[in-house]
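Note on naming: letters A, B, ... go to the chains in the order of the sequence lines (proteins, then strands), and numbering restarts at 1 for each one.
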Number of protein chains: 2
Amino acid sequence: MRHSKQREIIHSIVQGTQTHPTADWVYNQARKELPNISLGTVYRNLGQLVESKTLNTVNVDGIIHYDAFLSNHQHFQCKTCNQVFDIEVNTQDFISQVESKTKYKIDRCQIHLVGICEKCQNN
Amino acid sequence: MRHSKQREIIHSIVQGTQTHPTADWVYNQARKELPNISLGTVYRNLGQLVESKTLNTVNVDGIIHYDAFLSNHQHFQCKTCNQVFDIEVNTQDFISQVESKTKYKIDRCQIHLVGICEKCQNN
DNA sequence: ATAATAATAGTAATCATTATTATTATTGTT
DNA sequence: AACAATAATAATAATGATTACTATTATTAT
């Protein structure tokens with residue numbers, strides 16, 4: 001993988017937010033620095049960064065969101081404001097429970113919780 | 001909601017399979033009985049059946065799959081054969097754990113496990 | 001039987017994502 | 001430093017899943 005200004009900027013944009021951005025959001029941010037950057041370039045680079053395990057993806061209602069927070073964590077989505085929050089939970093017990101009950105070998109566990117966040121409960 | 005032959009057939013097709021079918025798969029099955037049925041009709045009816053809590057949806061890699069098995073369960077996807085299997089697990093402990101740690105009110109918990117199924121492990 | 005209108009088939013439109021392609025930029029080698 | 005090889009790019013077209021539109025048909029309460 002060669003170096004490119006575009007990839008550098010795309011990477012730093014995703015790293016600089018907690019909001020689990022979409023490709024389109026990253027594209028709009030990147031254009032502030034590189035007005036001629038192409039949406040295809042954003043998709044390709046995000047894809048490469050996922051490939052090289054620099055970023056993770058989160059699928060929210062069929063749309064890919066990107067996440068620079070790599071440590072094992074899960075997601076909570078508020079159905080009122082639609083924001084996605086990181087939550088840290090232990091899933092190993094859970095995985096072991098399933099592996100012992102079934103004959104499946106599990107190597108990924110994605111948990112998506114939906115509900116109402118603290119802020120929206122008070123509004 | 002009025003009665004329609006199309007909805008009746010669509011419903012029975014989803015009920016008659018364990019494979020978590022997509023709209024397109026249901027469409028192709030339905031055409032065997034109603035050759036002129038429209039894909040839009042399939043989408044609209046599947047949507048209505050979800051709305052009326054007759055079916056559930058499972059989002060697999062950005063594509064909506066439908067599921068007539070309503071009781072609380074989760075999904076395991078084999079990364080080799082791509083099949084999605086139902087798994088029954090208790091999530092209440094898990095939800096309580098998160099609710100006590102955070103201030104979120106949780107009303108849905110979707111767990112998507114990825115790994116290798118028994119069959120594919122032996123191939 | 002009829003009137004009101006929900007549902008349909010057929011088709012066009014939308015939206016996220018991927019593919020194509022000619023041009024540009026990076027990098028290892030003279 | 002110039003060069004050759006080729007990865008990466010911008011611009012654009014294509015794809016695939018899903019939704020919207022519309023004139024016609026089917027259902028249902030009266």
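- When each of C:dG10, D:dA8, C:dT17 is scored by its nearest atom to the side-chain atoms of B:Ser38, the top-ranked nucleotide is C:dG10.
- For B:Gly40 and B:Gln6, each mapped to the nucleotide of DNA chain C holding its nearest heavy atom, the one lying further toward the 5' end belongs to B:Gln6.
- Residues A:Pro35 and B:Arg2 each lie close to DNA chain D; by heavy-atom proximity, the contact nearer the 5' end of the strand is made by A:Pro35.
- Rounded to whole angstrom, the span from the CG atom of B:Asn45 across to the C1' atom of D:dA20 amounts to 16 Å.
- Look at CG on B:Asp61: it is 18 Å from P on C:dA16, rounded to the nearest Å.
- Here the P atom of nucleotide C:dA7 and the CG atom of B:Leu34 are 16 Å apart, to the nearest Å.
- Phosphate proximity of C:dT8 to B:Ser4: present, with a side-chain N or O under 4.0 Å from OP1 or OP2.
- If you take CZ of B:Arg7 and P of C:dA9, they are 12 Å apart, rounded to a whole angstrom.
- Within the 4.0 Å cut-off from OP1 or OP2 of D:dT19, not a single side-chain nitrogen or oxygen of B:Tyr43 is found.
- In this structure, B:Ile37 reaches the sugar-phosphate backbone alone: every heavy-atom distance under 4.0 Å involves primed, P, OP1 or OP2 atoms, never a base.
- Between B:Gln48 and C:dA6, a side-chain N or O to OP1/OP2 separation shorter than 4.0 Å is absent.
- B:His3 places its NE2 atom 12 Å from the C1' atom of D:dT28, with the value rounded to the nearest Å.
- B:Ile63 has its CD1 atom 14 Å from the C1' atom of C:dC15, to the nearest Å.
- A centroid separation of 6.0 Å or more is found between the aromatic rings of A:Tyr43 and A:Tyr27.
- Formation of a donor-acceptor pair under 3.5 Å by the A:Thr41 side chain with backbone atoms of A:Ile37 is not found in this model.
- Side-chain atoms of B:Glu8 and B:His3 include a donor-acceptor pair closer than 3.5 Å.
- A salt bridge (charged side-chain N to carboxylate O under 4.0 Å, His left out) check over residues 50-77 of chain A, counting only residues at least two apart or in different chains, returns nothing.
- The side chain of A:Ala23 sits closest to C:dT17 out of C:dT17, C:dA25, C:dA9.
- Side-chain atoms of A:Arg44 stay outside donor-acceptor range of the base of C:dT18, with no qualifying N/O pair under 3.5 Å.
- D:dT28 is paired with C:dA3 under the criterion used here, namely a Watson-Crick or G-U wobble arrangement in which both key atom distances are under 3.5 Å.
- Here A:Ile64 lies in heavy-atom contact (under 4.0 Å) with sugar-phosphate atoms only.
- Checking C:dT8, D:dA11, D:dT9 against every side-chain atom of A:Asn36, the shortest atom distance belongs to D:dA11.
- Spacing between atom CG of A:Leu39 and atom P of D:dA8 amounts to 18 Å, rounded to whole angstrom units.
- In this entry the distance linking CD of B:Glu33 with P of C:dT8 reads 15 Å, nearest Å.
- Close placement of the B:His20 and B:His75 rings is indicated, their centers lying within 6.0 Å of each other.
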